[in-house]
Amino acid sequence: MSYDPWSAEFVADPYPVFERLRAERPVFFDEATGQWVVSRYADVDALLRDRRLGRSYLHTGTHEEFGQQAESDFLKPFWDLVRAGMLDVEPPTHTRLRRLVSKAFTARMVEGLRPTIRGLAEGLAADLVARGGGDLLADLAEPLPVTVIAEMLGVPAEDRGLLRPWSADICGMYELNPPDEVQRKAVRAANEFSDYLRGLARARAAEPRDDLISALARVADEGDRLTEDELIGTCVLLLNAGHEATVNATGNGWWALFRNPGELERLHADHGLVPTAVEELMRYDGPAPMFERWVLEDVEVGGVTIPRGQEVALQFASANRDPEVFADPDTLDLGRDPNPHISFGLGIHFCLGAPLARIEMAESLGAILRAAPALKLIEEPRWKPGYILRGLESLKVEL
């Protein structure tokens, strides 16, 4: 098997391929994807911090100057929404947006959500137990983060069923070369989600409440404020990044535990391991195995010069299994310490929602351990076809 992010076999278990790449071809150009694939921890770590690379190149040149086709007109609503948030922009725009959003999305506010998250997780786990089992993804992993984000933003309960489909359709655009149907679904979702949030933002501006949308509307720094478009783009980013990745992280994590019964038993015996278990599960089989960057200036990586205008595929999944950094990297060790995994990124684009994701993972894991100590898998799960957002279709369990 070779590097092939469209292959079901590769998506299911890319780690043997990465082991060979780190040893033999740590930096190479992949013709199929048109990207430079980087697989060693040291190189991925360095490039994430290197300002000669960026999530976007549009602050330095046009699509044509970077050898790319101009975006189709029908995609404009999607890109307008995405680029109004901070994920796909670079300084100084990124610096300004992150500074403003961080004033509302504070560590204190996130930690204050822990009791709510714990109560939600315990309720979902109790429902799973009452039914004698079910789908750990659909019954717990999916509803928990979307409910938390909805509560945080102030989305009314009757509208929360809209969020998950919108998020899934928008995130489809982040896969490699998404087909036309996926692109059009993403545009439709971007339009619908934008219209919904615009109405909600204006309602909160007229009548503020104790929610994040109201806080984002109020936040200011020396007179600078988020525009309405930036507020909406930020809310969409919080949902997409804080929901899709957390769902997949929970599913991937439990699948890893079921495949490593000794470690699962260790966790049952000592719930105090939950914090380090969360970090190890994120390292061992994380939900975002690859992030892309554009080369803004020529850069040398592992003795190879990658010229300006090229796209780099930074393999987080490979870096997190690099034996130069992690002892016995293919072994799941829930007490691993230190554990410098890079699943939340590094540098200026380090995940703003990492503290929230850690709380959600820890509270959902703890709730299931307490409520269902005899939980067992009843069928081997299948992986969804996407690689950029890598997760399972379902995870069927019983007591």
Side-chain angles (χ1 to χ4, degrees), residues 77-78 80-82 84-87 101 104-105 109-110 112-124 127-128 134-135 137-174 182 184-219 226-248 250 352-353 356-357 359-360 363-364 389 391:
F78 173 85
D80 284 349
L81 175 65
V82 168
M86 69 180 76
L87 180 63
V101 173
F105 192 68
M109 183 272 287
V110 171
L113 291 169
R114 187 182 290 271
T116 299
I117 296 170
R118 179 170 298 171
L120 289 168
E122 288 177 343
L124 292 166
D127 291 343
L128 188 74
D135 181 354
L137 284 178
D139 296 337
L140 191 140
E142 291 185 357
L144 179 63
V146 77
T147 303
V148 171
I149 294 290
E151 290 267 358
M152 190 168 61
L153 292 177
V155 174
E158 62 270 20
D159 295 337
R160 292 175 185 176
L162 301 169
L163 301 184
R164 169 63 174 162
W166 280 335
S167 176
D169 287 349
I170 289 171
C171 287
M173 274 290 286
Y174 288 102
V182 170
R184 294 190 182 277
K185 286 174 67 176
V187 170
R188 183 167 60 250
N191 279 324
E192 292 174 359
F193 201 2
S194 294
D195 290 345
Y196 176 81
L197 287 172
R198 201 173 302 278
L200 194 61
R202 290 175 181 177
R204 294 296 183 268
E207 188 179 335
R209 298 185 185 179
D210 185 21
D211 57 38
L212 187 58
I213 288 184
S214 300
L216 289 169
R218 290 193 304 267
V219 74
L226 294 173
T227 67
E228 186 177 74
D229 286 345
E230 289 168 347
L231 188 154
I232 290 166
T234 296
C235 291
V236 171
L237 172 60
L238 288 172
L239 173 66
N240 293 344
H243 182 249
E244 295 296 325
T246 305
V247 171
N248 290 340
T250 302
L352 186 67
L356 178 60
I359 291 173
E360 290 176 340
E363 293 302 333
S364 69
L389 293 168

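Since the structure is predicted, the reported quantities are computational estimates derived from the model, not experimental observations. We number each residue from 1, following the sequence as shown.
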*Asks:* Starting from the C-alpha separation in whole Å, work towards a yes-or-no answer on side-chain contact (heavy atoms from CB on, under 4.5 Å) for T246 and L356.
*Replies:* CA-CA 10 Å; T246 305; L356 178 60; over 6 Å; no
*Asks:* Please list, chain by chain and in numerical order, all residues satisfying salt bridge (Lys or Arg N to Asp or Glu O under 4.0 Å) with D159, sequence neighbours excluded.
*Replies:*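 Per chain and number, D159 pairs via salt bridge (Lys or Arg N to Asp or Glu O under 4.0 Å) with no residue.
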*Asks:* With sequence neighbours left out, write down each residue that passes side-chain hydrogen bond (donor to acceptor under 3.5 Å, both in side chains) with S167, or none if nothing qualifies.
*Replies:* N240, E244
*Asks:* Would L352 and V101 count as a side-chain contact (heavy atoms from CB on, under 4.5 Å) if you check the C-alpha gap in whole Å, the side-chain angles of each, and the deciding distance to 0.1 Å?
*Replies:* CA-CA 9 Å; L352 186 67; V101 173; 3.7 Å; yes
*Asks:* Which distance, rounded to the nearest 0.5 Å, do you find between the CG of L197 and the SG of C235?
*Replies:* 5.5 Å
*Asks:* Using the side-chain hydrogen bond (donor to acceptor under 3.5 Å, both in side chains) criterion, which residues pair with D135? Sequence neighbours excluded.
*Replies:* none
*Asks:* Please report the closest heavy-atom contact between L128 and G134, naming both atoms and the distance.
*Replies:*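 Result for this residue pair: CD1-N, 3.8 Å.
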*Asks:* CD1/I232 to CG/D80 distance, rounded to the nearest 0.5 angstrom?
*Replies:* 11.5 Å
*Asks:* If you define the side chain from C-beta out and look only at heavy atoms, does anything of S364 sit under 4.5 Å from L124?
*Replies:*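 Contact flag for S364/L124 side chains = no.
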*Asks:* Residues in side chain to side chain contact (heavy atoms under 4.5 Å, CB included) with S214, at least two apart?
*Replies:*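 Counting only residues at least two positions away or on another chain, S214 forms a side chain to side chain contact (heavy atoms under 4.5 Å, CB included) with R204, P208, R209, D211, R218.
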*Asks:* Would you please name every residue forming a side chain to side chain contact (heavy atoms under 4.5 Å, CB included) with L87, sequence neighbours left out?
*Replies:*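 Side chain to side chain contact (heavy atoms under 4.5 Å, CB included) list for L87, sorted by chain: R55, Y174, L237.
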*Asks:* Rounded at 0.5 Å granularity, tell me how far CG in L153 sits from CD1 in I213.
*Replies:*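 Taking CG in L153 and CD1 in I213, the distance rounds to 5.0 Å.
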*Asks:* Can you tell me how far CZ of F105 sits from CG of L238, rounded to the nearest 0.5 angstrom?
*Replies:*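 It comes to 5.5 Å.
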*Asks:* List the atom of A190, the atom of P77, and the distance in Å for their closest heavy-atom pair.
*Replies:* CB-O, 4.3 Å
*Asks:* Applying side-chain hydrogen bond (donor to acceptor under 3.5 Å, both in side chains), name anything that partners N191, two or more places apart in sequence or on another chain.
*Replies:* none
*Asks:* Strictly by ring pair (Phe, Tyr, Trp, His ring centres under 6.0 Å), give each pair with a member in residues 185-205 just once, sequence neighbours left out.
*Replies:*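 Qualifying pairs, neighbours excluded: W166-F193, W166-Y196.
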*Asks:* Run the side-chain donor-acceptor check on residues 140-152: report pairs under 3.5 Å with partners two or more places apart or on a different chain.
*Replies:*
residue	atom	partner	partner atom	Å
E142	OE2	R164	NH2	3.1
T147	OG1	P143	O	2.6
E151	OE2	R160	NH1	3.3

*Asks:* For R118, check side chain to side chain contact (heavy atoms under 4.5 Å, CB included) against everything at least two apart and list the hits.
*Replies:*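 Counting only residues at least two positions away or on another chain, R118 forms a side chain to side chain contact (heavy atoms under 4.5 Å, CB included) with R114, E122, E363, R370.
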*Asks:* What closest approach, in Å, do K185 and D169 show between heavy atoms, and which atom pair accounts for it?
*Replies:* CE-OD1, 3.4 Å
*Asks:* Please name all residues satisfying side-chain hydrogen bond (donor to acceptor under 3.5 Å, both in side chains) with D229, sequence neighbours left out, ordered by chain then number.
*Replies:*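 With sequence neighbours excluded, D229 shows a side-chain hydrogen bond (donor to acceptor under 3.5 Å, both in side chains) to R198, given in chain and number order.
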*Asks:* Could you check if a side-chain atom of E192 sits within less than 4.5 angstrom of a side-chain atom of L162, using non-hydrogen atoms only?
*Replies:* no
*Asks:* Residues in salt bridge (Lys or Arg N to Asp or Glu O under 4.0 Å) with R188, at least two apart?
*Replies:*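 So R188 forms no salt bridge (Lys or Arg N to Asp or Glu O under 4.0 Å) with any residue.
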*Asks:* Under the salt bridge (Lys or Arg N to Asp or Glu O under 4.0 Å) test, which residues partner D127, sequence neighbours left out?
*Replies:*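 Listed in chain order: nothing, the list is empty.
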